[in-house]
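Because the structure is predicted, anything quoted here is derived from the model rather than measured. Below, read A as the first sequence line, B as the second, and so on, with proteins coming before strands; counting in each chain starts at 1.
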Amino acid sequence: MDEKYYPEKIEEKWQARWRESGAFEADEGDPREKFYCLEMLPYPSGFLHMGHVRNYSIGDALAWYKRLRGFNVLHPIGWDSFGQPAEQAAIKRGIMPREWTEKNIAHMRGQLQRLGTSYDWRREIAAHRPDYYKWDQWFFLKMYERGLAYKRKSPVNWCPKEQTVLSNEQSSGGVCWRCGTPVIKKELEQWFVRITDYAEALLEDMKEIEAGWPEKVLKRQRDWIGRSRGAYVDFQIEGTDERVRVFTTRIDTIYGANAIVLAAEHPLLAELMKASPLKGDVEQFTQRVRVERNRATEPGAEEEKEGINTGLVAVNPFSGERVPVWVANYVLMEYGTGAVMAVPAHDERDFDFAQKYTLPIKQVIAPVTHAEEPGGFEPQPGMDQSTEMKWATTAYGVLVNSGEWSGKLSDVAIREMTEFAAAKGFGEAKTIYRIRDWGISRQRFWGAPIPIIYCEKCGTVAVPEKDLPVQLPEHAEFTGTGESPLAGVAEFVNVSCPKCDGAARRETDTMDTFVDSSWYFFRYCDPRNNDAPFDKEIAAHWTPVDQYIGGDSHAVMHLIYTRFWSKMMRDLGLVKFNEPIKRLLTQGMVTNRVEGTDEWKAMSKSLGNGVDPDEMIEAYGADAARLFVLFAAPPENELRWQETGIEGAVRFLQRVYKMVWRWRERLSATRDDEQSVGEFTSEARALRRKTHQTIARITDDFEQLHFNTSVAALMELSNALGDFEVKPQDATASDVYAVRETLEALVVMLAPFAPHASEEMWESLGHAGGLLNEGEARWPVANAELARKEALEIPVQINGKLRARITATPETSEEELRAAALADEKVRAWTEGHEVVKVVVVPQRLVNIVVK
RNA sequence: GCGAAAGUGGCGAAAUGGUAUACGCGCGAGUCUUAGGAGCUCGUCCCGAAAGGGGUGGGGGUUCGAGUCCCCCCUUUCGCACCA
C-alpha cells in the first residue's frame with residue numbers, strides 16, 4: 001500500500017490478481033447456496049456508454065454483496081451480437097459484419113474489465129457465433145415440429161428507413177422502435193411464433209412474479225397482452241345464408257345496436273356485395289381506406305371516422321330488429337372478428353359515427369338508482385327512446401328498452417344473454433387477446449438463418465437437426481435494398497432437398513434478434529454444450545435467475561419473449577418452472593444536459609451529451625466512477641450526470657484510504673480477541689455502536705437494492721471513525737479492537753462499490769489472499785446488543801409541536817417517560833394553566849402531551 | 001382523450017404514521033501553504049435581536065401526531081391510443 005491513493009495502480013494490480021486466481025469463476029459443484037445475478041447483455045455497438053456503466057455497476061455490487069455473504073454467485077456476461085448496425089457498417093464502410101462485431105466485442109470486453117466487473121469470463125457467449133445460433137435454429141425446429149412456428153402471408157410492419165420488418169412490439173405507437181420512422185404496412189410471407197397460445201399463461205403466471213417485478217412492467221405486459229372477455233354474436237344477413245360474427249364485451253347493449261359495421265378488409269364483404277348495385281361504391285371506399293391505412297400513420301392522430309352503407313341488412317338475433325350493414329375505417333380487421341355491432345348510446349366511437357351519419361341512437365342502459373335495494377333497480381325518469389343523448393354512457397347500469405331483459409343489471413345480463421345466445425346457437429362466450437403472434441422473419445443477413453428449405457416437390461422442409469447449424473456465409477453483398485443479402489449468395493441459397501435430394505433453395509430470412517436474447521441466460525449455465533442448448537440438470541441448478549437488472553425499455557419486448565420462451569421450454573421438458581426470472585430491477589436512464597439547452601436527455605452521440613466511461617476511469621478511477629453512479633440516485637431513478645459528484649466519490653475513497661494508512665501498522669501488529677482487550681471507553685463503545693448500526697442498516701439496504709443509502713451509511717461510518725479522537729500511537733488494546741472492527745467492516749462493505757480499493761485496504765489490514773479467498777462469508781454481522789443505544793434523546797411534543805427533549809435509555813418505561821416529560825422545566829412552562837387531556841408515550845420514540 | 005407514477009433545500013436526494021432535510025454536491029467563512037481548482041475545521045430551509053413562528057406543489061379531511069393515509073385541484077414524467 002502506498003501512502004497516497006493511486007487508483008490506476010491499485011486497479012491494475014487487483015484486476016490481474018482476480019484474473020489469475022479465477023476469483024469470480026462459479027461452479028455448479030460448489031456446495032454453497034447459489035445466486036444467479038444477471039444483467040441484460042449488451043449490444044456490441046463499439047463502446048460502453050454510461051447506461052452500461054450504471055447497469056453493470058448495479059449488478060456487480062449485488063454480485064459482490066452476495067459473494068461476501070457466502071453465496072455461490074453466477075455472474076456471467078455475453079454479447080447480443082446479431083443485429084442491424086453490423087449491416088449498416090457493412091453497407092457504409094465495407095467491413096463484413098463479423099469482423100466489425102468481433103472488433104467491437106474485443107474493445108468493449110476490455111472496457112468492462114477496466115471497470116473491474118466481476119464476471120465469470122469462461123462463460124462468455126456471443127449470439128453471432130455458430131455454436132450459439134445453432135441452438136436458436138434448434139429451438140425453431142422444435143417449435144416448427146409442434147406447430148408453434150408457422151408461415152403465413154401477412155401484412156407486416158415495415159420500416160421504410162431501415163428497409164425491414166418490425167414486430168408489433170418494435171413498432172409500438174406506429175413508429176420504428178429504433179429510429180422513430182413511421183411504420184407502414186406491407187404484405188410478405190413471414191414466419192411466426194405462436195406466442196398467442198401462451199397469452200393466458202403469460203397473464204396468469206404473473207402471480208408468481210408479482211412480488212419481485214416492478215408493478216409498472218407487469219402492467220405494461222398486462223396491457224400488451226390485452227385480455228378482453230366478451231362474446232361472439234352472429235347476425236344473419238337478410239336474403240342470404242351468411243352470418244356476420246361480431247365480438248362484443250357488452251352483449252347487454254345489443255338492443256341498442258343500430259348497425260353492423262365491418263372492417264374494409266372483411267372477408268365476407270366481396271361475396272355479400274357481389275350482386276349489389278352499390279358494389280362499385282363500396283369497393284371504391286374500401287380501396288381508399290386501405291390506401292390510407294398503408295400510409296404512414298402519424299402517432300397520436302386519430303383519423304376522422306368514415307363509412308359507407310352497403311345497403312345490406314342484418315338481423316339482430318335478440319330483438320329481431322333489422323339494422324343496416326356499414327363498412328367503416330374505424331373497425332380493425334386485426335382485432336376481434338373484423339366486425340362490430342354499433343351501439344352509439346353506449347360506445348364513444350359508435351356515438352361519433354352515428355352523429356356523423358345521423359344514425360338513430362337508442363338508449364338501452366340506464367344508471368342504477370337504488371343499487372342497495374334488492375330488486376329495486378329502476379331506470380331514472382325520462383329515459384325513453386326519444387331522449388336525445390349528448391354523449392355515450394359506457395358505464396354498467398340497468399337494462400332498459402331491451403325486451404324481456406329489461407330491468408336486469410349489466411353484469412347479470414352479460415352472463416345470461418351470453419348463455420342464451422350459446423343455447424340458441426347464434427353466439428358463444430369468448431375471450432380474445434390483443435397480443436399478436438410474434439413475427440420473427442427479418443430480411444437481414446446478420447442474424448440466425450431460419451433452418452428451412454423450400455423444395456419444388458416436397459414443399460417446405462425443415463433442415464434436419466444433424467445439419468445444424470445452418471451457417472452464415474462469410475461474404476455477401478450489402479446493398480440496403482430490403483431483401484436479405486443472403487438471397488444473393490448462391491452457395492447459401494442453392495441446396496439439395498433433405499427429403500428427395502432434388503434441387504431446392506434455402507429460406508433467406510434470418511430470425512429477429514430477440515430470439516437470441518430470449519434464452520441466453522440458460523446458455524450461460526452450460527455455455528460449451530455441443531449436444532443441447534444446455535444440460536437440464538446444470539440449468540436446474542442455476543435457474544431461475546434470482547435477480548435481473550436492465551432498462552425498462554424492454555418491458556414488453558424482451559421481457560415478454562423471454563417469459564414465453566421459458567414456458568415453451570417447459571413444454572419441451574427442458575425446464576421445470578413457469579417463470580425464469582424471480583426479481584427484476586429496472587434501472588433509470590443516465591441523462592446529461594444537452595449543451596445550450598435546459599433539457600436532460602439520455603446520453604447519445606448525436607446529441608453530443610455523451611460521457612465516455614474510459615475518460616471517467618482515467619480521471620477518477622473505476623472505483624470512484626462505480627461508487628458515484630450508485631450513490632447519486634436510487635437505481636430506478638433517472639440519473640442526471642454531474643461531473644462534480646464523482647469528485648466527491650474520490651474524496652470519500654481517499655479519506656477511507658488515509659484512515660487505513662494511518663492505522664495499518666497498529667492494526668496488523670497483533671490481533672487480540674474481544675475478551676482480552678479490557679474495558680472499552682465510552683468513545684470506543686460509541687464507535688462500535690455506530691459500526692453495528694451501520695452493518696444492520698447496509699445489510700438491509702442491500703437486500704432491498706437501496707445502494708444510494710448504503711453509500712450514505714458508509715460515509716457516516718467513516719465520518720464517525722474520523723471523529724474518533726484517539727491517535728494510533730496512544731490507542732489502548734480495546735481502542736485498537738474497536739478501530740479494527742470498524743475499519744474492517746467499512747472496507748468489506750465498501751467492496752461492492754469500490755472492489756479494487758477495498759481489496760488493497762483489506763490486504764493492508766493484514767489479510768492475505770483477497771476478500772473472496774476460500775469463499776469465506778466475510779460480510780460483517782451486526783450485533784444487536786452492541787448496536788443498542790445507551791442514551792436516547794426523546795422529543796417531547798405539546799399538541800404535536802416539539803417543545804423539549806428529555807434523555808432516557810431504551811429501558812425507560814412508559815410511566816417513567818411520562819413522568820419525566822411532565823416534570824421537564826420547559827414542558828411545565830407550556831402546560832401551566834392548561835389542562836392535560838392526554839399523554840401519548842411511544843417508548844424509545846417520543847412523548848406527546850395534549851393540553852386544552 | 002384514457003391510465004399510472006411522482007412533486008421535499010440552490011442541486012442529487014434521506015425519512016417502519018413519531019425530532020423534516022441524513023449522506024453528498026455546490027456555496028460561505030476560517031486554517032495550513034511560496035502557491036492551490038489540494039487537505040483540514042466550522043457554517044449553510046425561511047422570518048426573527050431573542051423568545052418564538054413558518055415550512056415537504058395548492059386546498060380540505062382522518063389522527064394525540066401527516067412528507068407519509070383519504071378526497072379535490074394544479075404541475076411534471078411515463079405508458080396506451082379507434083382493441084369493440
Enquirer: Please report the distance separating the P of G28(B) from the corresponding atom of G52(B), rounded so that it comes out in whole Å.
Expert: 33 Å
Enquirer: Among residues 249-260 of chain A, which contact RNA chain B at a heavy-atom distance under 4.0 Å?
Expert: T249(A)
Enquirer: Sequence neighbours left out, what passes side-chain contact (heavy atoms from CB on, under 4.5 Å) with R250(A)? Give chain and number order.
Expert: T248(A), D252(A), T253(A), I365(A), Y396(A), S410(A), I414(A)
Enquirer: Base, sugar-phosphate, or nothing: which does D350(A) touch, judged by heavy atoms less than 4.0 Å apart?
Expert: nothing
Enquirer: So with a 6.0 Å cut-off around CD of E725(A), is the heavy-atom count from everything else above 12?
Expert: no
Enquirer: Applying salt bridge (charged side-chain N to carboxylate O under 4.0 Å, His left out), which residue pairs with at least one partner in residues 837-852 of chain A are found, sequence neighbours left out?
Expert: none
Enquirer: Nearest to the side chain of T248(A) - A84(B), A13(B), G3(B)?
Expert: A84(B)
Enquirer: To the nearest 0.5 Å, how far apart are OG in S710(A) and CG in L750(A)?
Expert: 11.0 Å
Enquirer: Whether K305(A) engages the ring of Y330(A) as a cation-pi pair (distance to the six-membered ring centre under 6.0 angstrom, angle to the ring normal within 45°) should be assessed.
Expert: yes
Enquirer: In whole angstrom, give me the gap between the P atoms of A22(B) and U16(B).
Expert: 15 Å
Enquirer: Does I361(A) reach the side chain of Q355(A), with side-chain heavy atoms less than 4.5 Å apart?
Expert: yes
Enquirer: Crowded around K826(A) NZ? As in, over 12 foreign heavy atoms under 6.0 Å?
Expert: no
Enquirer: Taking atom P in both G59(B) and C74(B), compute the distance separating them and give it to the nearest angstrom.
Expert: 15 Å
Enquirer: Looking at every strand, decide which applies to V850(A) at a 4.0 Å heavy-atom threshold: base, sugar-phosphate, or nothing.
Expert: sugar-phosphate
Enquirer: Where are the stems of RNA chain B, defined as at least 3 consecutive Watson-Crick or wobble G-U pairs with both distances under 3.5 Å?
Expert: B:1-7 with B:74-80, B:10-12 with B:23-25, B:26-31 with B:39-44, B:45-47 with B:52-54, B:57-61 with B:69-73
Enquirer: In whole Å, measure the gap between the P atoms of G57(B) and U76(B) for me.
Expert: 16 Å
Enquirer: Using a cut-off of less than 4.0 Å, is there contact between a side-chain N or O of N848(A) and OP1 or OP2 of G18(B)?
Expert: no
Enquirer: Using the C1' atom in both, what is the distance from C2(B) to G12(B), to the nearest Å?
Expert: 33 Å
Enquirer: Between W641(A) and F628(A), is the ring pair (Phe, Tyr, Trp, His ring centres under 6.0 Å) condition met? List the steps.
Expert: CA-CA 10 Å; W641(A) 188 258; F628(A) 168 65; 5.3 Å; yes
Enquirer: Within the structure, does a side-chain N or O atom of R803(A) lie under 4.0 Å from either OP1 or OP2 of G53(B)?
Expert: yes
Enquirer: Rounding to the closest angstrom, what is the interatomic distance between G9(B) and G61(B) at atom C1'?
Expert: 28 Å
Enquirer: In whole angstrom, what separates I560(A)'s CD1 from G79(B)'s C1'?
Expert: 14 Å
Enquirer: Please measure how far the C1' atom in C80(B) lies from the corresponding atom in C46(B), and state the result in whole Å.
Expert: 43 Å
Enquirer: CG of L630(A) versus P of G12(B): gap in Å, rounded?
Expert: 19 Å
Enquirer: Can you give one letter per nucleotide of nucleotides 55-60 of chain B, 5' to 3': B if a protein heavy atom sits under 4.0 Å from the base, S if only from the sugar-phosphate, - if neither?
Expert: ------
Enquirer: Quick one: on RNA chain B, does E638(A) or K826(A) contact a more 5' nucleotide (nearest heavy atom)?
Expert: E638(A)
Enquirer: Between T742(A) and L717(A), is the side chain to side chain contact (heavy atoms under 4.5 Å, CB included) condition met? List the steps.
Expert: CA-CA 8 Å; T742(A) 299; L717(A) 184 58; 4.0 Å; yes
Enquirer: Give a yes or no on this: more than 12 heavy atoms of other residues, nucleotides or ligands lie within 6.0 Å of atom CD of E636(A).
Expert: yes
Enquirer: I need the CZ-P distance between R640(A) and U77(B), as an integer number of Å.
Expert: 10 Å
Enquirer: Students often get this wrong, so: under 4.0 angstrom with heavy atoms, is W830(A) touching a base, only sugar-phosphate, or nothing?
Expert: sugar-phosphate
Enquirer: Give a yes-or-no answer on whether the side chains of T393(A) and H346(A) include a donor-acceptor pair shorter than 3.5 Å.
Expert: yes
Enquirer: I'd like to check the side-chain hydrogen bond (donor to acceptor under 3.5 Å, both in side chains) partners of D701(A); sequence neighbours left out, ordered by chain and number.
Expert: T709(A)
Enquirer: Which way is the base of G67(B) turned, syn or anti, if we draw the line at 90° from 0?
Expert: anti
Enquirer: Can you list the residues that meet the salt bridge (charged side-chain N to carboxylate O under 4.0 Å, His left out) rule with E306(A), with sequence neighbours excluded?
Expert: R288(A)
Enquirer: Could you check whether the rings of F318(A) and F426(A) sit parallel, tilted or perpendicular, using 30° and 60° as the cut-offs?
Expert: perpendicular
Enquirer: What is the distance, rounded to the nearest whole Å, between atom CD of Q355(A) and atom P of C82(B)?
Expert: 21 Å
Enquirer: Do K216(A) side-chain and C78(B) base share a donor-acceptor contact under 3.5 Å?
Expert: no
Enquirer: Would you say T807(A) and E793(A) are linked by a side-chain donor-acceptor pair, where the criterion is simply a distance under 3.5 Å?
Expert: no
Enquirer: Which part of the nucleic acid, if any, lies within reach of E793(A) when heavy atoms closer than 4.0 Å are counted: base, sugar-phosphate only, or nothing?
Expert: base
Enquirer: Are side-chain N/O atoms of T644(A) and E647(A) paired as donor and acceptor at under 3.5 Å?
Expert: no
Enquirer: Who passes side-chain contact (heavy atoms from CB on, under 4.5 Å) against S228(A), sequence neighbours left out?
Expert: F247(A), T249(A), Y335(A), I432(A)
Enquirer: In whole angstrom, give the distance that lies between atom NZ of K789(A) and atom P of U19(B).
Expert: 11 Å
Enquirer: Between G18(B), A84(B), U19(B), which nucleotide gets closest to the side-chain atoms of V340(A)?
Expert: A84(B)
Enquirer: On a whole-Å scale, what distance lies between the C1' atoms belonging to U68(B) and G7(B)?
Expert: 14 Å
Enquirer: Find the distance Q797(A):CD to A20(B):C1' and express it as a whole number of Å.
Expert: 12 Å
Enquirer: Are any protein N/O atoms closer than 3.5 Å to N/O atoms in nucleotides 61-63 of chain B? If there are, list each pair with its distance.
Expert:
none

Enquirer: List every contact pair, protein side and nucleotides 22-28 of chain B side both N or O, where the distance is under 3.5 Å.
Expert:
from   : atom 1 : to      : atom 2 : distance (Å)
A22(B) : O2'    : E716(A) : OE2    : 2.9
G24(B) : OP1    : N719(A) : ND2    : 3.3
C25(B) : OP1    : R651(A) : NE     : 3.1
C25(B) : OP1    : R651(A) : NH2    : 2.9
C25(B) : O2'    : T644(A) : OG1    : 2.9
G26(B) : OP2    : R651(A) : NH2    : 3.2

Enquirer: Would you please name every residue forming a side-chain contact (heavy atoms from CB on, under 4.5 Å) with W830(A), sequence neighbours left out?
Expert: I798(A), R803(A)
Enquirer: Round to a whole Å and report the spacing from CG of D723(A) to P of C40(B).
Expert: 12 Å
Enquirer: Kindly state each residue pair satisfying ring-ring contact (aromatic ring centres under 6.0 Å, His included) with at least one member in residues 694-719 of chain A, sequence neighbours excluded.
Expert: Y65(A)-F702(A), F702(A)-F707(A), F702(A)-F753(A), F702(A)-W779(A)
Enquirer: Rounding to a whole Å, what distance do you find between K219(A):NZ and C78(B):C1'?
Expert: 11 Å
